[in-house]
Amino acid sequence: GGSSSLKVKYEISPLDGLKSRVGSKAEVVYARGYVGDPTGEYNGVKTGQDLKDNRSEDELLAEALQVAKDADYVVFFGGLNKSNHQDCEDSDRASLGLPYAQDRVISELAKVNKNLIVVNISGNAVAMPWVNEVPAIVQGWFLGSEAGTALASVLVGDANPSGKLPFTFPAKLEDVGAHKLGEYPGNKEELAQSKHKGDTINEIYREDIFVGYRWADKEKIKPLFPFGHGLSYTTFEYSDVTLSNNEMTADGQVKASVTVTNTGKRAGDEVVQLYIRDVLSSITTYEKNLAGFQRIHLEPGEAQELSFTIDRKHLELLDADMKWVVEPGDFVLMAGASSEDIRLNGTLTVEDYQTRAKAIEAQKPAKRVSASTNPEDAENVLDEKINTAWQGNKGDYITFALKNGAKVDKVAIAFTRDNNLPATFEIQLSGGGGQFLTVYSGTVSEYGKLISYPFKGTTASDLRIVLNDDRVSIAEVKF
């Protein structure tokens, strides 16, 4: 056989597995529903089965619906096979959807019996336009010769599932970076000269570091099922996230701990995942990045504390000089059951400022006011005179370079306005690289007077004040 096609001594099909498991306790009635690839041959391996069926698509569906109407439960087995343009090795998928009109069969089955379980056999993600019509979905993968036995044990509850998705299931192709950015299937001129339909030639992956769940985070896309997702026949509660120390140096270590409790009635396994986000960095980086995961087994009511060691390799990034560095500042640690199901947060602060200070000083302009939409009056805010000011309209801003990557948690601002009407503004911080994060949004407390505006502090290279109303002046700013 080929690399993923093996001729085994025997194979337990899902139908055989279910019949063997339930025995005389329940009647298992089979209807084909659809016809896939009838050849039964993949990569030179022949199954010896006769998979042909001369009935039409409508006839097969009608039989399945008739059987489903009278059933207590309906289990649909489908997905992808090893045929061309499916889960094969020599060509790309023809589409994200299921082949052989399976989506139609599933949707029609859901209409006649609400107790429908869909078992998807595939090695990759598939579109599920019927996802909200089906109460239970099992991702079956390719499980080998005992697949039927394994699936039956999960379906009847002998085994409590605990698997987690190793990649993101997108809702549609346009949610994938290669398709969103228009690169797939590659160089259009070379593709036009290709004699083979379905070729992929010199595709450039312009999503950069944002692949998988990181792309979904960056684009704020809700996936069909997120990375790390997986349900169980029991439930788990996360609590008491703690750090052995809230601060560390770039080359130090911190232990992050979380307690997980089995709050259901069955014993089960949970895979606890730890993600990290750099709050402010000199280059664009991830919204979150998997730092570690652990599987634990818990009896009903049992609780267990898990610990993760956080060190340099979990925090470093490749900076603009192509050097691996840990930039000082705050890092958010997130414990959860998937990349989307974050249960608890904690904040770790890296206190070694040397690396970031050098980068910030190298980029810092000579003037303290580093950028402004009205630069001719910008220096007025630092002359300690209340009667001189910088004036702007909605959307205008003034940016200040902070010295040595200071950790700032407040700024005093004296606003003035001719009509004294309420005005709103934002305070933003940047760790460098042109990205700004809003840390304060509010209304001017009082005009003509220095007022301190506090916010959650962090290490930053620049501070920006953004106006949200017209004809508002800033007379004085102090840090």
Side-chain angles (χ1 to χ4, degrees), residues 125 136-141 150 153-154 157-169 211-218 222-248 252-279 285-316 326 330-350:
I137 301 170
V138 177
Q139 176 60 29
W141 309 110
S153 68
V154 169
D158 294 338
N160 190 353
S162 58
K164 300 285 187 173
L165 291 180
F167 50 79
T168 302
F169 271 43
V211 295
Y213 67 90
R214 303 178 188 94
W215 174 261
D217 283 345
K218 177 179 178 291
K222 181 176 176 56
L224 181 64
F225 295 109
F227 171 80
H229 173 76
L231 301 180
S232 167
Y233 292 145
T234 189
T235 53
F236 300 96
E237 180 181 275
Y238 290 54
S239 62
D240 304 326
V241 61
T242 58
L243 300 176
S244 58
N245 196 321
N246 292 325
E247 298 177 352
M248 64 174 277
Q253 284 187 348
V254 164
K255 182 184 291 184
S257 302
V258 60
T259 299
V260 180
T261 305
N262 183 345
T263 53
K265 298 180 180 180
R266 289 198 53 169
D269 286 16
E270 173 68 324
V271 179
V272 181
Q273 300 155 49
L274 183 71
Y275 297 86
I276 295 181
R277 176 168 66 91
D278 191 346
V279 176
T285 188
Y286 311 115
E287 179 66 24
K288 70 173 76 74
N289 195 38
L290 182 68
F293 60 91
Q294 293 186 41
R295 177 186 293 273
I296 54 169
H297 178 82
L298 296 174
E299 296 295 321
E302 182 183 1
Q304 184 176 328
E305 183 182 83
L306 292 86
S307 295
F308 299 84
T309 299
I310 306 302
D311 57 26
R312 183 184 186 91
K313 66 177 178 291
H314 300 105
L315 307 177
E316 63 185 4
V326 176
D330 291 341
F331 293 80
V332 178
L333 276 57
M334 297 165 276
S338 79
S339 62
E340 294 284 312
D341 186 9
I342 301 300
R343 308 289 182 88
L344 297 170
N345 292 307
T347 300
L348 170 67
T349 301
V350 175

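Both backbone and side-chain heavy atoms feed into the values below; hydrogens, waters and symmetry mates do not. Keep in mind the model is a prediction, meaning the values are calculated, not measured.
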Side-chain touch [X]/[Y], heavy atoms, less than 4.5 angstrom:
X      : Y      : answer
His229 : Asp341 : no
Val332 : Ile276 : no
Ser239 : Thr259 : yes
Val260 : Glu237 : no
Glu287 : Arg277 : yes
Leu306 : Leu274 : no
Tyr275 : Ile342 : yes
Val258 : Val272 : yes

Quick check: does any side chain N or O of [X] sit under 3.5 Å from a backbone N or O of [Y], one acting as donor and the other as acceptor?
X      : Y      : value
Arg343 : Met334 : no
Tyr233 : Val154 : yes
Gln273 : Gly228 : yes
Ser338 : Pro226 : no

For this session: Show the numbers, then the answer: is there a side chain to side chain contact (heavy atoms under 4.5 Å, CB included) between Thr347 and Leu333?
Result: CA-CA 6 Å; Thr347 300; Leu333 276 57; over 6 Å; no

[X]-[Y] side chain donor-acceptor pair, cut-off 3.5 Å:
X      : Y      : result
His297 : Glu299 : yes
Thr349 : Asp330 : yes
Ser307 : Ser257 : yes
Thr285 : Asp278 : no

Interatomic distance, [X] atom [atom1] to [Y] atom [atom2] [nearest 0.5 angstrom]:
X      : Y      : atom1 : atom2 : answer
Gln139 : Phe225 : CD    : CZ    : 9.0 Å
Ile296 : Phe236 : CD1   : CZ    : 7.0 Å
Leu298 : Ser232 : CG    : OG    : 10.0 Å
Asp269 : Arg295 : CG    : CZ    : 5.0 Å
Leu344 : Tyr238 : CG    : OH    : 9.0 Å

Please give me the minimum heavy-atom distance between [X] and [Y], naming the atom from each residue.
X      : Y      : value
Ala267 : Asn262 : CA-ND2, 3.9 Å
Gly268 : Thr234 : CA-CG2, 4.3 Å
Thr261 : Gly301 : CG2-O, 4.1 Å

Indicate every side-chain donor-acceptor pair of residues 240-247 with a distance under 3.5 Å to a residue at least two apart or in another chain.
residue: Ser244; atom: OG; partner: Lys255; partner atom: N; Å: 2.9
residue: Asn245; atom: OD1; partner: Glu247; partner atom: N; Å: 2.9

For this session: Look at the rings of Phe227 and Tyr213 and say which category their plane angle falls in: under 30° parallel, 30 to 60° tilted, over 60° perpendicular.
Result: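 Parallel: the ring planes of Phe227 and Tyr213 meet at under 30°.
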
Exercise. Residues two or more places apart in sequence or in another chain: which of them pass ring-ring contact (aromatic ring centres under 6.0 Å, His included) with Phe293?
Worked result: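 ring-ring contact (aromatic ring centres under 6.0 Å, His included) check on Phe293 returns nothing, list empty.
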
Exercise. Centre of Tyr286's six-membered ring, under 6.0 Å away, within 45 degrees of the axis: is that where NZ or CZ of Arg214 sits?
Worked result: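 Here Arg214 passes the 6.0 Å and 45° test against Tyr286.
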
Exercise. Tell me, which pairs form a salt bridge (Lys or Arg N to Asp or Glu O under 4.0 Å) where one or both residues lie in residues 157-166, sequence neighbours left out?
Worked result: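 The answer is Arg21-Asp158, Lys164-Glu270.
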
